[in-house]
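Since the model is a prediction, treat every value here as computed from it, not as a measurement. Ligands are counted one by one from 1 in listed order, and the atoms in each one are counted from 1 as well.
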Amino acid sequence: MSSTVSERDDVLSRLPIRDDLRGKVPYGAPQLDVAVRLNTNENSYDVPDEVIAAVVEAVRREAKHLNRYPDREFTGLREDLAAYLGHDLTADQLWAGNGSNEVLQHVLQAFGGPGRTALGFTPSYSMHPIISTGIGTAWVDGLRGTDADVFDLGLDLTVEQIEKHRPDVTFLCSPNNPTGTALDLDVVRAAYEATDGVLVVDEAYAEFARPGTPSALTLLPGRERLIVTRTMSKAFALAGGRLGYLAADPAVTDALRLVRLPYHLSSVTQAVARAALWHADVLLATVEAIKEQRDRIVTDVAALGLPPAPSDANFVLFGGLPDAEATWRSLLSRGVLVRDVGIPNHLRVTAGTEAETTKFLDALADSLLD
Ligand SMILES: *Cc1c(COP(=O)(O)O)cnc(C)c1O
């Protein structure tokens, strides 16, 4: 049975769906078949042969035991994640899920929910409000700066908004997506002091930060309401493997165990992630090359008269476009897919391989002549 989109919309409007989901739009970065895809901040490099061999072998070993449920506590994986992060973290401080999005959902299920409030500072990661409202948490769209052109999150404004809204869950994102800039830890400390709720610092892009950028992991000792999330989707080139994680007080992971589905991490997922972690040095070898391309984009878009935001991530947000949507389409027609994140006059581009970056920069220069 096939039906048109408008017929389905019609049926959807008649379904007894939750009122708060009516008219909502799902997360939807376009997945288009384009030669140069620089729109979702993936790592452009294929998984190296050495890691492919290790992943295949790890899955092969698991295959025989797929008749059994996986280790519900994913103990080995938690140990490997703690060892990777360092900072004297122990396995009971680590938690993982099918992508950091699932980990964030666990946090909201345990600490948010109906009658509770989550606060984030816009523009930031669009999934924070989507996951919050998806489980009935009221979302407050906080401000980053007072001037629309300022993406820096100010300490006073952060504290002021936390004190005003008294959120149960507060989201900081460092380096921030879509702006790219890492946060001063003074802001994290002040936000923690200002709230009675949990403070989530989303560090999906931490591995790409410029030298001297400290992680909020350094603040964990003595802060039992602080949660730092990470992912293997970006620097680790494992977006398809779906493995995200967090570090926090062991009591926080006990809370998350109350809401996760039993056996939420398949044996295959655990095996693939562990094989990847055992080869972290090989997988992370692309990070320096990606950072070089990022810095090249920053320099080159500035030279084109398009002001970039300073970036600690694997992408660059740049402004100065009279019509961002027209430029997005013009780039697409030249075989380059970037992201229109909905900030007027701005686009976001992922730093890919050198060849991809060259194609993007050439296409951008051409598109300005349209
Ligand atoms: C990409 C991204 C994630 C990663 O999500 P996964 O579910 O781990 O793939 C998390 N947070 C931010 C800010 C991101 O940009």
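Residue A204 approaches ligand 1 through these ligand atoms, each under 4.0 Å from one of its heavy atoms: 2 (C), 3 (C), 10 (C), 11 (N), 12 (C), 14 (C).
Side-chain contact of R334 with S330: a donor-acceptor pair under 3.5 Å is present, judged by distance alone. No donor-acceptor contact under 3.5 angstrom links the side chains of R339 and N41, judged on distance only. Side chain to side chain, R116 and S132 fail the donor-acceptor criterion of an N or O pair below 3.5 Å. In the model, R230 has a side-chain atom that pairs as donor or acceptor with a side-chain atom of S215 under 3.5 Å.
Hydrophobic clustering (ILVMFWY, side-chain heavy atoms < 4.5 Å, transitive): L32 and V336 are in one cluster.
Residue contact check for ligand 1: D202 places a non-hydrogen atom closer than 4.0 Å to it.
For atom 14 (C) of ligand 1, the candidate residues are K234, M127, E102, R242; the nearest heavy-atom contact is made by K234. Across A313, S100, G99, heavy-atom proximity to atom 5 (O) of ligand 1 is greatest for S100. Ranked by closest heavy atom to atom 9 (O) of ligand 1, the top entry among S233, G97, C173 is S233.
Only one option out of D254, T253, I227 pairs with W95 in a side chain to side chain contact (heavy atoms under 4.5 Å, CB included); it is T253.
The N/O atoms of N177, backbone and side chain alike, include one that comes under 3.5 Å of an N/O atom in ligand 1.
Among all protein heavy atoms, the one lying closest to atom 15 (O) of ligand 1 is Y205 OH, 2.6 Å.
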